[in-house]
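Here the structure comes first, spelled out in structure tokens, and everything after it is commentary.
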Amino acid sequence: MFHRSSSSTRRRAIVTLSATAALVATLAACSGGSTAGTGASSGDSGTVNWWGWTPDDGEANALIAAFNQEYPQIKVVYKKLQDASYNAALRPALASSSGPDVYDVAAGGATGDVATFGGSAVDLSVAMQKAHGASWKDDIYAAGLTDFTQDGKLKAAPVGQIASGFLWINQQIFDRYGVKPPTTLKEWVNACATFRANGLGCLAEGIGQPGFDIDTLHSIADSIQPGDFAKAADGTIPWTSPTIVKAFGLFKQLATDGILDEGAVGIQQYPDVNNAFLSGKVPMVQMGTWYQQYATKKALGAALEAAGVPSGTGLVTIVPIPFPDVAGNSNTPNLFGDPDYALAVSSRSKVVDAATTFALWVSSNKTGQQIIADHLTDYPAMTSVAVDWSSLDLVDPASQVPALQNLAKRVAQVDQSRQAKLPAQMIQALVTADQSVIGGQQTPEEAASSVQAAAVAKG
Amino acid sequence: MDHEVLAGPGVRAHGAAAPRRGSRGTGQKRARRGRPRVSGVPWILPALVVSAGVVYYCIGYTGWISTLRWDGISPDRTWVGLGNYARLFQDPVFWKSMEHTGVFFVVTTTAQILLGMAFAALLHSRLRLAVLYKVAVFVPVVLAPATMAPVFRQIYAPDGQFNKILDAVGLHDLTMAWLAKPATALAVVMSIQVWQSVGVAFILYFAAMGQIETEVLEAARMDGAGNLRVLRSIIWPGVRGTTLALITLSAIASLKTFDVPYLVTSGGPSYGTEFLGTFIYRMSIPQSEVGYGAAISVMLLILALGTAIVFNAGGRDKEIRRV
């Protein structure tokens, strides 16, 4: 009797203990770890896991290979994520102790915004000062530092800058039909009529995906009254101002006048429009400076291969042109730009020093920045670094080099933010408004009011 | 007449099993009395802990988050009580999502039932290459939506195959950018869902029809019943349980719909294909409003549970009335 009772008690105790242990383990798994990174590594050894939605693998591998020439003891593993799923992957990863050591952040928008993800990053300003001296800020793109600084702490090291507010054309298609780049609404309508008469589309844009439509709306607004869109974005004027209402109306007119391809609100910029343009099916698109990488044979070939375009397909000659003066007010819309991605170092990293070494090398070392510049995805964050055009293998250097150099000059004059000052809620409100106006569900006035309501709700 | 003959096959099985249980019953009871009652617990404990820990803890955690204004990562969490729920009921996108879910449920369920029954009835008749047809109907079930989404985006594009077919059959006036208008985009999403899930309905109906006694069908034929009468008066009542199960599953699937609208239309245009699932994702991930997203998740859970209870209760009532 005694024996049975003892055995039963022991069994109950084991059951209770194992239940408690399993429950604790489960709850710990659910709630995530809380161990902070020790930063016990040295600055020149360790394995650094880098997560980002950009750059492409080729550029990342080039950066890592060059970095390893100087720091052979630091192994960097790059994991490229889709921008649409980046936040979803990063949020739990940063809350655990097994997330990335270095991760991409953006100045604003819906992917990796520093306002959301900067809280998990260490302050890099001390390391910057240690590496480059007291004047470390002098050689770095000022907006890059401003936009990634929170409460006096540099939450991420800016890698480069981008700009938008212009169009990319397929020069071969324009040459084939003898069409000159349009500078006014009327010329644009005529150019598109020519392309459509020959069985082509004209301006392809994926308004089903937020972001690119906002660039178009911004350019249109700048052709009406330069600077008004930026003022609305920072709250100086309401979104219901006459310029923005008229901009919505002109955007709709691009669709009704045969400029914007049919079905724009039902397609995505990536991959739909991107693949169509790079494979030579579309005469023009609205993309930003990151697109100049496809002026090189290597990047364009890789993109076509990734898009499943048959090998042997001719390479398109892409050339940037100014956004036409659609309002007829003699305002050639200027460019607007933001810092592109920046590298943040996770405060939970176990290799904080090595991760910081890598982040700083990419963002503020001339070798790293030259690789960034020569890949043409970003303009380098260091103002003293410029593209080495002689090293690039472009599709058609005669037409592309002058056009790209001219674009660089215009980028240097950028004085308006692109979308860094727009929170994700405003980006969603703007794309919904664009879709509703073009789809005919809202008038320009109603669309402007809905955006203003979102701005008020956001505060 | 004994009880077995009156009760039919289901009861006969119970009747046959009862004496066997009775013959061992006394010994089993004695053995049970001798063992500690805890003996079975360790076997179910891991599953119990996992389900209680993972599922119910996380439901509770989501419920707690739904009372916060929080981006999901920041240490700053503001308690807002039921504020997120109050906001939810005033949010037009939430009501749009509910409306789309309702339309989606009615259309896709009706289509699944009609097509599933039609395919099952056809394949119960003597058909050449029946196996091939079965495979053709069922294959969409096993194809991943992520694989098929680009295909459907291409099919319904302005220069896609669907418009080309319309052109070819002289219906040029009907061609349009199907994904560019909220109403047609929703129709596209529903058509993809029907294409993908009709195979399940077909398999279930095919199996259920196999359970209907052939003698009953033959008797009906001898009494002069035609195909439609047999379908209405014998097959339809015979597969009532399957239909009820399909409706319940379809209701819950409609509430949880995410992959097709997310991959094909991203919930647009103008929220025209927004469902609760895409709404939760939009708020929680791109917009970093994790507290609000959690409130929508809790609402989804309540709706799914309510739906399951209502359909189950309804089904039970019907069964009781039939008896």
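Lettering of chains follows the sequences in order, A, B, ..., and the numbering in each one begins at 1. Note that the coordinates shown come from a computational prediction; the quantities given were computed from them, not determined experimentally.
The part of B:E289 that comes within reach of chain A is its side chain, from C-beta onward, which places non-hydrogen atoms under 4.5 angstrom from that chain. No part of A:A433 comes within reach of chain B, as not one of its non-hydrogen atoms sits under 4.5 angstrom from that chain. Only the side chain of A:Q441 comes within less than 4.5 Å of a heavy atom of chain B; its backbone N, CA, C and O stay farther away. Contact of B:Y281 with chain A is made through the side chain alone, with heavy-atom distances under 4.5 Å. With a threshold of 4.5 angstrom between heavy atoms, B:P269 approaches chain A through its backbone and through its side chain. Looking at A:Q268, the atoms closer than 4.5 Å to chain B (heavy atoms on both sides) sit in the backbone and in the side chain alike. Only the side chain of A:S120 has a heavy atom closer than 4.5 Å to any heavy atom of chain B.
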Test side chain to side chain contact (heavy atoms under 4.5 Å, CB included) on B:L276 and B:F94 and set out the steps. CA-CA 7 Å; B:L276 288 172; B:F94 170 70; 3.7 Å; yes
For salt bridge (Lys or Arg N to Asp or Glu O under 4.0 Å), just list the numbers for B:R153 and A:D272, CA-CA rounded to whole Å, side-chain angles, deciding distance to a tenth of an Å, and then say yes or no. CA-CA 9 Å; B:R153 291 180 57 75; A:D272 302 340; 2.3 Å; yes
Under the salt bridge (Lys or Arg N to Asp or Glu O under 4.0 Å) criterion, do A:D261 and A:R196 qualify, and how do the steps go? CA-CA 10 Å; A:D261 281 352; A:R196 292 195 192 284; 2.8 Å; yes
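Chain A forms the most heavy-atom pairs under 4.5 Å with one residue out of B:A185, B:P182, B:G267, B:S74, and that residue is B:P182. Counting heavy-atom pairs closer than 4.5 Å to chain A, the top-ranked of the candidates B:P75, B:P46, B:A177 is B:A177.
Between B:Y61 and B:W64, the two ring planes are tilted [angle within 30° to 60°]. Between A:F212 and A:Y270, the angle of the ring planes lies from 30° to 60°, which puts this pair in the tilted group.
When side chains are defined from C-beta on, A:I427 counts as touching A:I214, because their heavy atoms get closer than 4.5 Å.
In this structure, B:R87 satisfies the cation-pi test against B:Y292, with its NZ or CZ atom closer than 6.0 Å to the six-membered ring centre and inside 45 degrees of the ring normal.
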